[in-house]
Peer 1: 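Before I ask anything, let me first share the structure, which is written out below as structure tokens.
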Amino acid sequence: MKKNILITGGAGFIGNHVVRLFVNKYPDYHIINLDKLTYAGNLANLTDVENMPNYTFVKADICDFEKIISIFDEYNITDVIHLAAESHVDRSIKDPFTFAQTNVMGTLSLLQAAKEKWKDNYAAHRFYHVSTDEVYGALEFDDTLFTETTSYDPHSPYSASKAASDHFVRAFHDTYGMNIIISNCSNNYGPYQFPEKLIPLFINNIRHRKPLPVYGKGENVRDWLYVIDHARAIDIIFHEGKDGDTYNIGGFNEWKNIDLIKVMIKTVDKLLGNPEGHSLELITYVTDRAGHDLRYAIDSRKLKNELGWEPSLQFEEGIEKTVRWYLENQDWLDNVTSGEYEKYYEKMYNA
Ligand code: NAD
Ligand code: TYD
């Protein structure tokens, strides 16, 4: 069936993989990628799909309700997959207002537009909200996992804003009967991640022999999933998930930060031809992040049992692919970190 799907945040890290998957896999769908192109949005992530006939890019802010309404009208939007967000915990600690504005008010603006435009037949339209496991708070160092029924307990301004947006999405289901779905995923890694997040930052720093700032003692635990497996899960949940339901996405792949950092060091050193252990001296313990969540770990059995999704990559393979990608795409990293990519947008869209 033909669909006109509005994907928000498609120029960001996860969004570009979702856009690529949908544009290539569903030639009958028109994919409208709406992105404000903040520091985290980069159209150079999408050069391979930018000329596809079923792909359109629109530069817009999700908080601009009138603009969102006009985009719904212009493209006859049938469905939304919403990824646009401010996504970095450290930035949220410095600037919580921007997180509340984009993540809460922006989501509300999209929901309200969808409500107005789809009110005659909610069942025919789906609003898919992409969220994070961080809404569940932090686990102890034990064997507990976040399930879909774990109570929300966000600690950072980022996770608080994502939790609020999840609540609004559910409220639009419960109050107006909108067809919504939410997924909460663990930490993603892979190509095109902005190098302020742990994995690309550290790969880049190891390559340039810069210090690796490990927060606290490096004992915090994260559950890592290859980004393309997240995109595959979004595809399956969007098409087969139940109206009003929530799905946790994760790969049962927990790593203590310091152990993960040692794997990155080993892999980068191996691929650069350095002797084993060469870059261990770059590890630098720094002051801990305020409110640093101890441990995240996802139970994704519901997604496996109900919809048959499983990660396709083992972590060892995924991390090696990822390190190779960043080492082979130093130009991308340099552009992103130098601000060159901003000039690229200006040339393309503000000329
Ligand atoms: P990202 O920061 O790489 O990308 C966010 C994108 O949203 C960028 O392209 C940015 O330009 C765009 N954007 C920001 N504000 C906007 C606005 N006001 N209007 C329109 N576009 C705007 O983020 P990401 O890591 O790709 O995360 C995408 C989504 O997935 C987010 O909702 C995030 O909460 C969620 N998520 C991320 C992870 C992760 O590990 N990265 C894990 C689980 C869930
Ligand atoms: P990050 O990639 O920011 O993701 P999140 O905070 O959403 O989990 O950080 C992953 C983990 O790595 C987290 O425990 C914080 C830690 N970290 C560092 O120790 N040093 C760093 O420079 C960064 C960016 C993160």
Side-chain angles (χ1 to χ4, degrees), residues 12-22 24-25 45-46 48-49 130 132-133 145 183-195 197-207 212 214 218 220-237 247-280 282-283 295-301 303-305 307-333 336:
F13 165 48
I14 301 171
N16 84 80
H17 293 283
V18 177
V19 165
R20 181 172 296 102
L21 177 70
F22 274 70
N24 286 309
K25 187 169 170 187
N45 298 352
L46 285 163
D48 55 327
V49 298
V130 175
T132 167
D133 61 353
L145 300 171
S183 57
N184 298 85
C185 189
S186 60
N187 285 60
N188 285 213
Y189 70 98
Y192 299 112
Q193 186 168 32
F194 193 82
K197 305 274 170 69
L198 179 75
I199 290 186
L201 175 73
F202 277 37
I203 295 172
N204 203 28
N205 284 9
I206 298 166
R207 177 182 206 152
L212 306 175
V214 180
N220 303 63
V221 171
R222 297 292 182 262
D223 184 355
W224 294 94
L225 182 69
Y226 194 60
V227 62
I228 291 172
D229 280 326
H230 187 187
R232 286 177 48 247
I234 290 173
D235 176 18
I236 294 170
I237 296 168
Y247 297 87
N248 279 357
I249 312 173
F252 294 102
N253 180 41
E254 289 181 51
W255 285 83
K256 202 186 267 196
N257 287 343
I258 192 65
D259 295 337
L260 174 70
I261 289 161
K262 287 179 181 161
V263 171
M264 284 194 275
I265 290 173
K266 193 171 175 192
T267 312
V268 176
D269 277 341
K270 182 181 86 179
L271 293 178
L272 290 180
N274 294 330
E276 189 163 341
H278 179 65
S279 299
L280 284 171
L282 300 174
I283 291 176
R295 173 172 165 260
Y296 304 143
I298 277 275
D299 181 346
S300 58
R301 279 175 303 174
L303 182 55
K304 180 178 178 200
N305 295 339
L307 304 183
W309 173 89
E310 276 186 286
S312 66
L313 271 191
Q314 292 302 310
F315 186 67
E316 290 65 24
E317 200 187 337
I319 198 75
E320 176 142 348
K321 266 171 98 111
T322 301
V323 171
R324 270 186 204 284
W325 189 88
Y326 286 99
L327 295 182
E328 285 165 8
N329 288 276
Q330 188 63 47
D331 287 355
W332 181 89
L333 272 170
V336 167

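In this text, all values refer to a predicted model and were calculated from it rather than measured experimentally.
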Peer 1: Report the distance from atom CZ of F13 to atom CG of N188, rounding to the nearest 0.5 Å.
Peer 2: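 One finds 5.0 Å between CZ of F13 and CG of N188.
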Peer 1: For the residue pair K256 and G218, what are the closest heavy atoms and their distance?
Peer 2: CG-O, 3.6 Å
Peer 1: Ignoring hydrogens and geometry, is there a side-chain-to-backbone donor-acceptor pair from Y326 to Q193 under 3.5 Å?
Peer 2: yes
Peer 1: Backbone N or O of L21 within a donor-acceptor pair of the N24 side chain at under 3.5 Å?
Peer 2: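 No, the answer is negative, given that no donor and acceptor are paired below the 3.5 Å cut-off.
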Peer 1: Are the side chain of W309 and the backbone N or O of D229 linked by a donor-acceptor pair below 3.5 Å?
Peer 2: yes
Peer 1: Donor-acceptor check, side chain of N204 to backbone of L333, threshold 3.5 angstrom: yes or no?
Peer 2: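 No; judged by distance alone, with no hydrogens or angles, the pair does not exist.
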Peer 1: Got L198 and L260 here, is their nearest side-chain heavy-atom distance under 4.5 Å?
Peer 2: yes
Peer 1: Going from CG on N248 to CG on D133, what distance comes out if it is rounded to the nearest 0.5 angstrom?
Peer 2: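 Here the rounded value is 7.5 Å.
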Peer 1: Looking at every non-hydrogen atom in both residues, tell me the closest pair between G250 and S300 and how far apart they are.
Peer 2: O-OG, 2.8 Å
Peer 1: Drop me the distance from F22's CZ to D235's CG, to the nearest 0.5 angstrom.
Peer 2: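 Atom-to-atom, F22:CZ and D235:CG are 4.5 Å apart.
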Peer 1: Mind listing the side-chain donor-acceptor pairs of residues 314-321 below 3.5 Å, one per line with the distance, residues two or more places apart or on another chain?
Peer 2:
residue	atom	partner	partner atom	Å
E320	OE1	K270	NZ	3.0
E320	OE2	R324	NH2	3.0

Peer 1: Hey, could you give me the CD1/CD1 distance between I265 and I206, rounded to the nearest 0.5 Å?
Peer 2: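 The CD1 atom of I206 is 5.0 Å from CD1 of I265, to the nearest 0.5 Å.
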Peer 1: Are the side chains of H230 and N187 in touch, meaning some heavy atoms are under 4.5 Å apart?
Peer 2: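 They are not in contact (no side-chain heavy atoms under 4.5 Å apart), so the answer is no.
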Peer 1: Applying the side chain to side chain contact (heavy atoms under 4.5 Å, CB included) test to I249, which of N184, I237, I298 qualifies?
Peer 2: I237
Peer 1: Do V49 and V19 come within less than 4.5 Å of each other through their side chains, counting heavy atoms only?
Peer 2: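 A side-chain contact under 4.5 Å exists here.
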Peer 1: Quick one: side-chain contact (heavy atoms from CB on, under 4.5 Å) partners of D48, sequence neighbours excluded?
Peer 2: R20
Peer 1: Please walk me through it: do V336 and Y192 pass side-chain contact (heavy atoms from CB on, under 4.5 Å)?
Peer 2: CA-CA 10 Å; V336 167; Y192 299 112; over 6 Å; no
Peer 1: Once side chain to side chain donor-acceptor pair (under 3.5 Å) is applied, do any residues pair with W332, and if so which ones, sequence neighbours excluded?
Peer 2: N45
Peer 1: Drop me the distance from I261's CD1 to I203's CD1, to the nearest 0.5 angstrom.
Peer 2: 11.5 Å
Peer 1: Can we say D259 and K262 salt-bridge, meaning some charged N sits less than 4.0 Å from an Asp/Glu carboxylate O?
Peer 2: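 No, this pair does not count.
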Peer 1: Please check this pair: side chain of N253 against backbone of D223, looking for a donor-acceptor N/O pair closer than 3.5 Å.
Peer 2: no
Peer 1: So which heavy atom on E254 is nearest to which on A297, and how close?
Peer 2: OE2-CB, 3.3 Å
Peer 1: Taking the six-membered ring for Trp and the single ring otherwise, decide whether the centroids of Y226 and Y189 are under 6.0 Å apart.
Peer 2: yes
Peer 1: Is there side-chain contact between L201 and F194, with heavy atoms separated by less than 4.5 Å?
Peer 2: no
Peer 1: Exactly one of T267, D269, V268, N274 should register a side chain to side chain contact (heavy atoms under 4.5 Å, CB included) with L271. Which one does?
Peer 2: T267
Peer 1: Do you know the tightest heavy-atom contact between P311 and G251?
Peer 2: CG-CA, 3.8 Å
Peer 1: Please tell me if the side chains of I199 and V323 come closer than 4.5 Å, counting only heavy atoms from C-beta onward.
Peer 2: no
Peer 1: If you round to the nearest 0.5 Å, how far is OG of S279 from CG of L272?
Peer 2: 7.5 Å
Peer 1: Any chance NZ of K266 has more than 12 other-residue heavy atoms, nucleotides or ligands included, within less than 6.0 Å?
Peer 2: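 Check fails, neighbour count at 12 or below.
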Peer 1: So, does N16 use its side chain to make a donor-acceptor pair with the main chain of I14 at under 3.5 Å?
Peer 2: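 No, the answer is negative, given that no donor and acceptor are paired below the 3.5 Å cut-off.
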Peer 1: Does the side chain of R222 come within less than 4.5 Å of W255's, by heavy atoms?
Peer 2: no
Peer 1: What's the verdict on side-chain contact (heavy atoms from CB on, under 4.5 Å) for I258 and I283, showing C-alpha distance, side-chain angles and the deciding distance?
Peer 2: CA-CA 9 Å; I258 192 65; I283 291 176; 4.0 Å; yes
Peer 1: Provide the closest heavy-atom pair for L225 versus C185 in the form atom of the first, atom of the second, distance.
Peer 2: CD2-SG, 3.7 Å
